[in-house]
Amino acid sequence: MVPDVVFVLGAPGSGKGTQCSLISKEYDYVHLSAGDLLREERQRPGSEYGEMIEEKIRNGEIVPVEVTCSLLHKAMQLSGKTRFLIDGFPRNKDNLDGWERVMSDKTKLQFILFFECSRDLCTERCLGRGAAGSGRSDDNLESLHKRFNTYLNETMPIIQHYDQQGLVRRIDAEVSPEEVFDSVKKVFNDTKRIAA
Ligand code: C5P
Ligand code: MG
């Protein structure tokens, strides 16, 4: 069976991770966060990519797709499951092209879940997360500035690309996690109805 994939995109702090963990509890999807997989690889003793990943993360830049895509592919195979939420990917054209080269024939892209949230609110959330001890080397003002530039210049064009194909499901992410999840559920329930 060809695995189903939902890409989850939105600015840093728009709530992708929070919503993905809620979705994976209520629906039969495995949550794979590209950022989490990269942070794990960075920590893996003997990883040849550790330093490169840390430098990219701190500077809010995107790691070459060969690394990210192979981590995603491995995690998909290891899970033994067939439905995936891929959180924080594809973030730029390199990510998109790399996925299309290797994975698009092996998977069925269902839709893109896109969390819309203002820059001010996203910044406030990430700084709050940093202050609460996220331990992330990029939850600081300087990195956030760079992450937002990358988001606007590199990720937005990817969202536009999928929008032209009618694949983007927009979610207002400025409200509470529970309210955001209500909108998210509508999208997943509609998909189930159409598939049934
Ligand atoms: O999604 P998250 O905020 O966890 O991503 C943190 C960082 O991980 C990004 O700013 C970027 O440096 C890196 N990343 C990447 N490629 C992805 C996803 C994340 O390089 N597809
Ligand atoms: Mg995240």
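First listed ligand is number 1; within each ligand, the first listed atom is number 1. Computed from a predicted model, the values in this text were never measured in an experiment.
What sits closest to atom 18 (C) of ligand 1 on the protein, heavy atoms only, is Gly88 O, 3.2 Å. Closest protein heavy atom to atom 9 (C) of ligand 1: Arg91 NH2, 3.5 Å. Nearest protein heavy-atom contact of atom 4 (O) of ligand 1 is Arg39 NH2, 2.9 Å. Of all protein heavy atoms, the one lying nearest to atom 8 (O) of ligand 1 is Ile57 CG1, 3.7 Å. Given atom 20 (O) of ligand 1, the protein heavy atom at minimum distance is Val63 N, 2.7 Å. Among all non-hydrogen protein atoms, the one lying nearest atom 13 (C) of ligand 1 is Leu38 CD1, 3.9 Å.
To the nearest 0.5 Å, atoms NZ (Lys81) and CD (Gln77) are separated by 15.5 Å. Distance check, rounded to the nearest 0.5 Å: CD of Glu40 to OG of Ser47 gives 11.5 Å. Going from atom OH of Tyr29 over to atom OG1 of Thr82 covers 9.5 Å, rounded to the nearest 0.5 Å.
With distances taken over non-hydrogen atoms, the option nearest atom 6 (C) of ligand 1 out of Arg136, Glu61, Arg58 is Arg136.
Listed by number with element, the atoms of ligand 1 under 4.0 Å from a non-hydrogen atom of Ile62 are 16 (N), 20 (O). With ligand atoms numbered from 1 in the order given, ligand 1 contributes 21 (N) to contacts under 4.0 Å with heavy atoms of Phe89.
Only side-chain heavy atoms of Asn95 come within less than 4.0 Å of ligand 1; its backbone N, CA, C and O stay farther off. The backbone of Lys56, and not its side chain, has at least one atom closer than 4.0 Å to an atom of ligand 1 (non-hydrogen atoms only; backbone = N, CA, C, O). Residue contacts with ligand 1, taken as heavy atom pairs separated by less than 4.0 Å, involve Asp138 solely via side-chain atoms from C-beta onward.
We find that Asp138 and Lys146 are not joined by a salt bridge, their nearest charged nitrogen and carboxylate oxygen being 4.0 Å or further apart.
Less than 6.0 angstrom separates the ring centroid of Phe111 from the ring centroid of Phe188.
Summarising the local packing, CD of Glu55 is surrounded by 12 or fewer heavy atoms from other residues, nucleotides or ligands at distances under 6.0 Å.
Side-chain atoms of Glu54 and Tyr49 form no donor-acceptor pair, as typed in the model, at a separation below 3.5 Å.
Smallest separation of non-hydrogen atoms from Pro3 and Lys106: CD-O, 3.1 Å.
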